[in-house]
There are 2 protein chains.
Amino acid sequence: MTRSRAGSRPTMRDVAVAAGVGLKTVSRVVNGESGVTPATAGRVRAAIAELGFRRNDSARLLRTGRTASIALLLEDLGDPFSSALSRAVEEVARARDRLLFAGSSAEDPRRERELALAFCARRVDGLLIVPAGDDHRYLLPEAAAGTPVVFLDRPGTGIEADAVLSDNAVGARAGVRHLIRHGHRRIGFVGDLPHIHTCAARLRGYREAMVEAGLPVDERWIATGPTDRATVARSVARLTGGPGAVTALFTGNNRITLAALHHLPTGAGRPALVGFDDLELADLLDPGLTVVAQDPAGLGTTGARLLFDRIDGDRGPARRIEVPTRLIARGSGEIPPAAH
Amino acid sequence: MTRSRAGSRPTMRDVAVAAGVGLKTVSRVVNGESGVTPATAGRVRAAIAELGFRRNDSARLLRTGRTASIALLLEDLGDPFSSALSRAVEEVARARDRLLFAGSSAEDPRRERELALAFCARRVDGLLIVPAGDDHRYLLPEAAAGTPVVFLDRPGTGIEADAVLSDNAVGARAGVRHLIRHGHRRIGFVGDLPHIHTCAARLRGYREAMVEAGLPVDERWIATGPTDRATVARSVARLTGGPGAVTALFTGNNRITLAALHHLPTGAGRPALVGFDDLELADLLDPGLTVVAQDPAGLGTTGARLLFDRIDGDRGPARRIEVPTRLIARGSGEIPPAAH
DNA sequence: CTGAAAGCGCTTACAG
DNA sequence: CTGAAAGCGCTTACAG
């Protein structure tokens, strides 16, 4: 196989020269277009093999005005929720012959913006984004220029765009109802930063369940803030300790649940626990972990399909789709209230 | 903001016309090059804002001959090992101003090949690949043409290329030694398909530990095969049941460990267990799960750095780097042999 | 300080 | 059946 020096790939022009044909004829053969003599096609194929030619798709796509790629911007590619979602998006992208760019905002609005605009500058066919920031007006020109944007998990702010969310309030309400049904009247809520949409919606669900059961809500039962281990540990200690302690906890996401599990009082005083979001191995804990499970794959699939509807030309009003959550009772949420 | 119809973005030419300057002057302003009168630059900036222009990076990159992207081809974007690895790769890519394409082979060699070649056709600057297939000669022309390839987790086959692996044999040996140290003499090994490199290396480590301790290995203690729940359940039942049953199990990867945990005999006859690969919540099980933990982030970071060395022009011989594993004792591996 | 021309590697539209 | 020309949206190399 004759080849020029490493790093310089042969082009269609090189193939054309080698085969003694015109550029367009090479293009025809490479693209399987009809109207080429078998003999000519054979010479072209021989030259292709000889030179180790492979078409440059980036060049092809520039000419055709598409990029055959979509971008997925997550909170953290490495976390289980994001990765399950990614995989589902990938499958839809694959079915539609698109390659997938992926990136993490790391919960940093500046980084989110930077990455989103970088993807748009590459002219991806569409953008799926789990927002970290709370101002998405920077995407207005992109959307207007024809790059569809679909928000996942949380809605975008300052822009009319599709959003695919978990039914956060409904799910949280179901989880808290479950605790109430098992006899709890003093129930704590440990959540994320309160300005985050998911936290606000889940807290709303918590309040709804308490109100509909005629239970008072002591504001001291509600702890919101950063989700690092130490902060959650302090919140758990505060809510479950001392007089007037809660007998059950509802934890607002998987990071919080995980931290809480490590710092829960044990023995007879162990509070009941229902977590929002499922965890691997949750069924093997003792007691099993009762959760309101999200459907990250469902979010990804639904969001990606919606994005492709837009790519295909759907110009209807922005839609908001809620993907159902599911209560899975495994033991921790069925612990009865301890006699305090 | 005047704008042509949605879907057609303004180009530098449009900006040049609107500002009454040449194309090159727009390019200068956009790229922050010197040598433009403040007045001219102002007119250009006004036109850019007016038209909502944003440079097309795909076009820019075609001209400059780079793509400022790398590709990561995994077994399954959705699994915890892959996603931790992805995130680490992303961070290195970001530090080097590259966007990241991601894709899953789904353990299908055909899909691996198809995706890898699609990435190469886009002319990614480099390719990181967790191989599914066992023949990577199809990458020979790509590597020769200057697209560096680094294999992760398992080495490539039929091609001289860098590989970054866990120290599978060393780690497995450490895990089995741990069981031996706790009094076990009959130890079972449940692994993946035996032709998979990681399975073979871990099985080798198992044998080494047994041999160095002077223990016989009954081939019936070794179960390799698919890692679905049912198959693993049967293997576990076979190894731990009946006369001559093993008193401890070494499970060869996280899927197998997870399945085994669901089907382990309980009570006094419970075998000791050490798993290769860590699991979230492993410390909260009862007993805690003893594992040989891999370092997926370390694999990703090391692999990505190696790839960028190659991108930067390193033409040295192919390297194989082993990333250390770490034994984490949490309880399940310290169960003494039951009196059978 | 500014811009016209050529070119990155392809495809499109057209002519022979 | 085949190919020369123009163009996708930029940058490079060069001339004024």
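In this text the structure is predicted, and so the values were computed from the model without any measurement.
- Here the straight-line distance linking atom CG of Asp135(B) with atom CZ of Arg137(B) works out to 4.0 Å at 0.5 Å rounding.
- Look at CZ on Arg66(A): it is 10 Å from P on dT12(C), rounded to the nearest Å.
- Pair assignment for dA4(C) gives none, since no Watson-Crick or G-U wobble pairing has each distance under 3.5 Å.
- Using a cutoff of 4.0 Å between basic side-chain nitrogens and carboxylate oxygens, Arg113(B) and Glu142(B) are not scored as salt-bridged.
- The separation between Leu61(A) atom CG and dC10(D) atom P is 16 Å, rounded to whole Å.
- The Lys24(A) side chain lies nearest to dT12(C) when the options are dC1(C), dC8(D), dT12(C).
- In this entry dA13(C) has no Watson-Crick or G-U wobble partner, no candidate having both defining distances under 3.5 Å.
- Summarising the geometry, the separation between CZ on Arg122(B) and C1' on dG9(C) is reported as 15 Å, rounded to the nearest angstrom.
- Look at Ser58(A) and you won't find any side-chain N or O under 4.0 angstrom from OP1 or OP2 of dC10(C).
- Of the possible donor and acceptor atoms, none in the side chain of Thr37(A) sits under 3.5 Å from a partner among the backbone N and O of Ala39(A).
- Salt-bridge formation is not detected for the pair Arg110(B)/Asp108(B): no Lys NZ or Arg NE/NH1/NH2 atom is positioned less than 4.0 Å from an Asp or Glu carboxylate oxygen.
- We find that CE of Met12(A) is positioned 20 Å from P of dG7(D), with the value rounded to whole Å.
- Between Thr37(B) and the phosphate of dT2(C), there is a side-chain N or O to OP1/OP2 separation shorter than 4.0 Å.
- Between Thr64(A) and the phosphate of dT11(C), there is no side-chain N or O to OP1/OP2 separation shorter than 4.0 Å.
- Summarising the geometry, the separation between CZ on Arg54(B) and C1' on dC10(D) is reported as 16 Å, rounded to the nearest angstrom.
- When each of dC10(D), dG9(C), dT11(C) is scored by its nearest atom to the side-chain atoms of Leu62(B), the top-ranked nucleotide is dG9(C).
- In the set dC10(C), dG3(C), dT2(C), the nucleotide with an atom closest to the side chain of Val21(B) is dG3(C).
- Nearest to the side-chain atoms of Thr25(A) among the listed nucleotides dC8(C), dC10(D), dT2(D) stands dT2(D).
- With 3.5 Å as the limit, one finds a donor-acceptor pair spanning the side chains of Thr147(A) and Arg9(B).
- Checking Ala59(A) against Val30(B), the closest nucleotide of DNA chain D that is more toward the 5' end is the one next to Ala59(A).
- Counting atom types as modelled, Arg28(A) pairs a side-chain N or O with a base atom of dG3(D) as donor and acceptor under 3.5 Å.
- Within the nucleic acid shown, Asn31(A) comes within 4.0 Å of sugar-phosphate atoms alone, with no base atom in reach, counting heavy atoms only.
- In terms of position on DNA chain C, the residue among Gly20(B) and Arg123(B) whose nearest nucleotide sits closer to the 5' end is Gly20(B).
- When the nucleotides dG3(D), dC10(D), dT11(C) are ranked by their closest atom to the side chain of Arg63(A), dT11(C) comes out on top.
- Looking at Val164(B), Leu165(B), Ile129(B), Thr198(B) one by one, the single match for side chain to side chain contact (heavy atoms under 4.5 Å, CB included) with Asp153(B) turns out to be Thr198(B).
- Straight-line distance from the CG atom of Leu23(A) to the C1' atom of dC10(C): 8 Å, rounded to whole Å.
- Rounded to an integer number of Å, the gap from Arg13(A) CZ to dG7(C) C1' is 10 Å.
- Rounded to whole angstrom, the span from the CZ atom of Arg43(A) across to the C1' atom of dT2(D) amounts to 11 Å.
- Between Ala41(B) and Asn56(A), the one whose closest nucleotide on DNA chain C sits nearer the 5' end is Ala41(B).
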